[in-house]
Amino acid sequence: PAFVCALDRVVIGVIQAAAQLQILAGKHISVAGYDGIPEGEFCQPSLSTCEVDNFKSGFQIADMVLRQIGGEKVSSLQVLGEAKTQWRGSTGPALFQSAALADLINQLN
């Protein structure tokens with residue numbers, strides 16, 4: 001099974017919760033995040049993530065809010081940005097299918 005989280009900080013929580021059940025990210029499950037926090041490289045295992053330019057994104061969001069306040073239609077306020085994928089240790093070929101992982105978790109409880 002694979003878990004994709006909106007934030008790398010959530011990935012860290014998933015990895016910790018899985019470890020409490022003796023399930024290893026990158027081996028038994030794959031876990032990836034989105035935002036590319038620098039700390040992710042130093043986690044165990046290191047986090048796979050989609051790295052984004054948070055400063056640029058924040059600037060664009062503020063600009064869109066101001067444009068909306070100025071009367072611009074919300075439907076025209078969109079920006080598509082790029083994210084750079086960093087494949088690291090928290091992803092890999094999972095050893096279990098979902099049902100087998102569920103059985104393992106039930107055995108451990």
Separation of Lys56 NZ from Ile61 CD1 (nearest 0.5 Å): 12.5 Å
List the atom pairs, with distances to 0.1 Å, where a side-chain N or O of residues 7-23 and a protein N or O form a donor-acceptor pair under 3.5 Å, not counting sequence neighbours.
from, atom 1, to, atom 2, distance (Å)
Asp8, OD1, Tyr34, N, 3.2
Asp8, OD1, Thr49, OG1, 2.8
Asp8, OD2, Gly36, N, 2.9
Asp8, OD2, Ile37, N, 2.9
Asp8, OD2, Thr49, OG1, 3.0

side-chain hydrogen bond (donor to acceptor under 3.5 Å, both in side chains) pairs, two or more places apart, involving residues 88-106: Ser48-Thr91
Transitive ILVMFWY side-chain link Leu104 to Phe3, under 4.5 Å: yes
Pairs flagged by ring pair (Phe, Tyr, Trp, His ring centres under 6.0 Å) wherever residues 46-87 is involved - sequence neighbours left out: none
Please list every donor-acceptor pair under 3.5 Å in which a side-chain atom of residues 75-85 meets a protein atom from a residue at least two apart or in another chain.
from, atom 1, to, atom 2, distance (Å)
Ser76, OG, Glu72, OE2, 3.2
Ser76, OG, Lys73, O, 2.8
Gln78, NE2, Ser75, O, 3.2

Can you list, pair by pair, the side-chain donor-acceptor contacts under 3.5 Å of residues 38-47, counting residues two or more places apart and other chains?
from, atom 1, to, atom 2, distance (Å)
Ser46, OG, Gly89, N, 3.2

Asp63: salt bridge (charged side-chain N to carboxylate O under 4.0 Å, His left out) partners, not counting sequence neighbours: Arg67
